[in-house]
Protein chains: 2
Amino acid sequence: MSTLDVRRRQILEAIIHCHTLTAQPVGSRVIAKRYNLGLSAATIRNAMADLEEMGYVMQPHTSAGRVPTELGYRFYVDSLMEVGILSEAEKIKIRLSYDDVRREFEYLMEQTSRILSTISHYVGVVMSPGLQTRVLKHFEIFQVSEDKLLAVLVVEPGVIRNRVLEKEETLTGEDLAKINNALKARFVGRSLIELQNLVDSPEQMRSMFDQQIFQEVSSLVRDALDVTYDPEIYLQGRSNIFSQPEFEDLRRMEAILDILEKKEQLSHLLDFSPGMEMGVYVRIGSEINCEAMEQCSVISAAYQWNQRPFGIIGVIGPTRMEYPRIVSIVDYTAKVMSQMLQNRLV
Amino acid sequence: MSTLDVRRRQILEAIIHCHTLTAQPVGSRVIAKRYNLGLSAATIRNAMADLEEMGYVMQPHTSAGRVPTELGYRFYVDSLMEVGILSEAEKIKIRLSYDDVRREFEYLMEQTSRILSTISHYVGVVMSPGLQTRVLKHFEIFQVSEDKLLAVLVVEPGVIRNRVLEKEETLTGEDLAKINNALKARFVGRSLIELQNLVDSPEQMRSMFDQQIFQEVSSLVRDALDVTYDPEIYLQGRSNIFSQPEFEDLRRMEAILDILEKKEQLSHLLDFSPGMEMGVYVRIGSEINCEAMEQCSVISAAYQWNQRPFGIIGVIGPTRMEYPRIVSIVDYTAKVMSQMLQNRLV
DNA sequence: ATTTAGCACTCTTAAAGCGAGAGTGCTAAG
DNA sequence: CTTAGCACTCTCGCTTTAAGAGTGCTAAAT
């Protein structure tokens, strides 16, 4: 009784399958008729009572059919479902959506979120990594007007940040060229956090630069490096939420949409703890740890760059979603995106 | 009769004022009681019948109060309302929200859309200009890996685009430096569309560069300039739509949210025809020219850079919105954003 | 001549009542 | 152990009903 025998597994699977299609409680008759398990409705009813006792399904009210619980979905995802295989057509569709990889990294992210939402019919999310640990590839300060400079930082696989700086009156074009060369030579190739620490320590700075340059460099560079390191997030398919009958409740919708507008909340949503291992992660309902999202599931995977996990992509949908299909979509898309990122640079 | 006398104006104003507060049809009794016009309900009823005949108000059904029509709002906006004056506190709140102007231009846009939505309680939008007519300020191609180059374009007030290029095996570091210098000298200071045309014409290119360099430059540069020129759009406050009782209908909500996700549609929404004059524009209901938005109004204004209209900001809300307040918010925010942009560069 | 009070009428909305239908659990027979 | 049968429960959609809000019209008042 404690573990599920074949029959109960089949019935649980049938309930989940049917419920994902209809969003309605599933009755014993339906299962008896539509799924040829060779059992009568009464037998199925008994099994369903067992499943309920074990916590895999529940009844919204006494005389309704069964609805899968979070535990039910969890068991289904872990032990029951077979990860669907994407059709070749769908794979091609995903690959072809990346029409122009050479554009900005932001475009790659936006495009990916669009793909995820279009073919999943749920909400697609893409998150870039925080920039702290990334390596500076190129650095340049140049003059854009009489009293303003623009610092441009190019970070590892083509992410760009920029920042406006006040120009000291005394600073000549030659000084600037000197500073630029000095900085390029010493800063490029190090991670941003490393540089940040370096800039904050006067001793290190002094040892790196000529006494003469040091004065001007010091505060200028500190400002130049003071860009956003936060991850960026791209999201598409918000209107898909409306197709889901379980979100008829306006308040719930509002709460969800509200979360989806807040960067921090969203990054918590995607940023799962297990050290960004590769593979697809499924979090169901309260596992997401966010009150407004208790009716949702998040399926996410890391995309990689240089064989290492980089950022995260994901699909947000109702707990009732078609896990096999979405898992395979997220999996494949993460792989293709990794490829695109790799082709793009390196 | 054809033009409105004072009394009818007052009553129309009262109807609109009351309706923006309650979202309900407004009856004659309410006006008689709450607005001290010194008139009885019956008199007001007569005036209301006149207003209805003239098309400024309508009844949802025979025995309901009056609701303003588009024409009514139009008249109100054009001739009745006094543009509210923002409180000093609100002004300060707006100005303080720009905590760090020196960050990327994108950040300025995002921040502005956030401000608009937070203090208007509707949807806030910010659109950047298309890049076609803008001037290239800085241009640099550099090597990021064995076989890849990265082209970075800095456009006028600090917008940045980048693009990945394939490196010809034969291209040496010296060649690249030469090309860079040649391009900087000849390209910086021209508008992107000008450059695009220039690159597409072999004769012009040939006349600009040494025969020796020309071969390598030609295709490389064409690729480098092939970035997105489309405007970018930032949007905040989607969840505010839910607070509006007129959008209880899920289908309508879905349609609106759907539009708000599509860049092109959104840019049409904001991009009003009258040649981007300064000042605040109000479009009401069907004036927006978008079926899903017939219950909405768009209030927009251009923000400027170097005394010239640059991009557009706006607020999207129900037709029932508090026009005086929102108009002044949009107006003031556009001005502050222009200042920020100006402080940022130039 | 305009304004106002009074009144009959209309239409919406919320609550209540009702019946059909779906699904269950239990029991007894296969 | 499985299945047929049956009584029971609960939801959902429908109609009915009553209350309330607001109007338009008419006749009196200013």
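Because the structure is a prediction, the values reported are computed rather than measured. Sequence lines set the chain letters: A, B, ... in the order given, protein chains first and strands last, and positions in each chain run from 1.
Between B/Arg74 and B/Glu70, none of the side-chain N atoms (NZ, or NE/NH1/NH2) sits under 4.0 Å from a carboxylate O, so this pair counts as no salt bridge. At a threshold of 4.0 Å, the pair B/Arg114-B/Glu110 counts as salt-bridged, since one of the basic side-chain nitrogens sits closer than that to a carboxylate oxygen.
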Under 3.5 Å, N/O pairs linking protein and nucleotides 5-7 of chain C:
residue : atom : partner : partner atom : Å
C/dG6   : O6   : B/Arg45 : NH2          : 3.3

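A heavy atom closer than 4.0 Å to some atom of DNA chain C occurs in A/Thr62, A/Ser63, A/Ala64, A/Gly65, A/Arg66, these being the qualifying members of residues 62-71 of chain A.
In this structure, B/Leu37 places its CG atom 19 Å from P of C/dT2, rounding to the nearest Å. The CD atom of B/Glu53 sits 16 Å away from the C1' atom of D/dT23 (whole-angstrom rounding). Between B/Gln59 atom CD and C/dC9 atom C1' there is a gap of 13 Å when expressed in whole angstrom units. In this structure, B/Ile15 places its CD1 atom 13 Å from C1' of D/dT23, rounding to the nearest Å. Distance A/Ile44 CD1 to C/dT24 P: 10 Å, rounded to the nearest Å. If you take CD of B/Gln24 and P of D/dA21, they are 12 Å apart, rounded to a whole angstrom. When the P atom of C/dG25 is taken as reference, atom CG of A/Asn46 falls 8 Å away, rounded to whole Å. One can place CG of A/Asp50 at 12 Å from P of C/dC26, the figure rounded to the nearest angstrom.
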Report, one line per pair, each donor and acceptor closer than 3.5 Å where one atom sits in a side chain of residues 316-325 of chain A; sequence neighbours left out.
residue  : atom : partner  : partner atom : Å
A/Arg320 : NE   : A/Glu246 : OE1          : 3.1
A/Arg320 : NE   : A/Glu246 : OE2          : 2.7
A/Arg320 : NH1  : A/Thr20  : O            : 2.6
A/Arg320 : NH2  : A/Gln244 : OE1          : 2.6
A/Arg320 : NH2  : A/Glu246 : OE1          : 3.3
A/Glu322 : OE1  : A/Tyr122 : OH           : 2.5
A/Glu322 : OE2  : A/Arg325 : NE           : 3.3
A/Glu322 : OE2  : A/Arg325 : NH2          : 3.2
A/Tyr323 : OH   : A/Ser297 : OG           : 2.7
A/Tyr323 : OH   : A/Thr319 : O            : 2.6
A/Arg325 : NH1  : A/Ile119 : O            : 3.0
A/Arg325 : NH2  : A/Ser120 : O            : 3.2

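The line from CD of B/Gln10 to CG of B/Asp5 is 9.0 Å long, rounded to the nearest 0.5 Å. Taking CD1 of A/Ile288 as the start and CD of A/Gln295 as the end, the distance is 10.5 Å to the nearest 0.5 Å.
Listed by chain and number, the residues in a side chain to side chain contact (heavy atoms under 4.5 Å, CB included) with B/Gln265 are B/Ile259, B/Lys262 (sequence neighbours excluded). The ring pair (Phe, Tyr, Trp, His ring centres under 6.0 Å) check on A/Tyr332 picks up nothing, with sequence neighbours excluded.
The two residues B/Leu270 and B/Met127 have their closest heavy-atom pair at CD1-CB, 4.0 Å. When all heavy atoms of A/Ser117 and A/Gly124 are compared, the pair lying nearest together is CB-N, 3.7 Å. A/Ile312 approaches A/Ser300 most closely through the heavy-atom pair CG2-CB, 4.0 Å.
For B/Phe247 and B/Phe242, the ring centers are positioned 6.0 Å apart or more.
Helical stems involving DNA chain D, defined as 3 or more consecutive Watson-Crick or G-U pairs under 3.5 Å, span C:1-30 with D:1-30.
The B/His61 side chain lies nearest to C/dT12 when the options are C/dT12, D/dT11, D/dT23.
Distances shorter than 4.0 Å separate some side-chain N or O of B/Arg7 from OP1 or OP2 on C/dT3. A sub-4.0 Å separation between OP1 or OP2 of D/dT2 and a side-chain N or O of A/Thr43 is absent.
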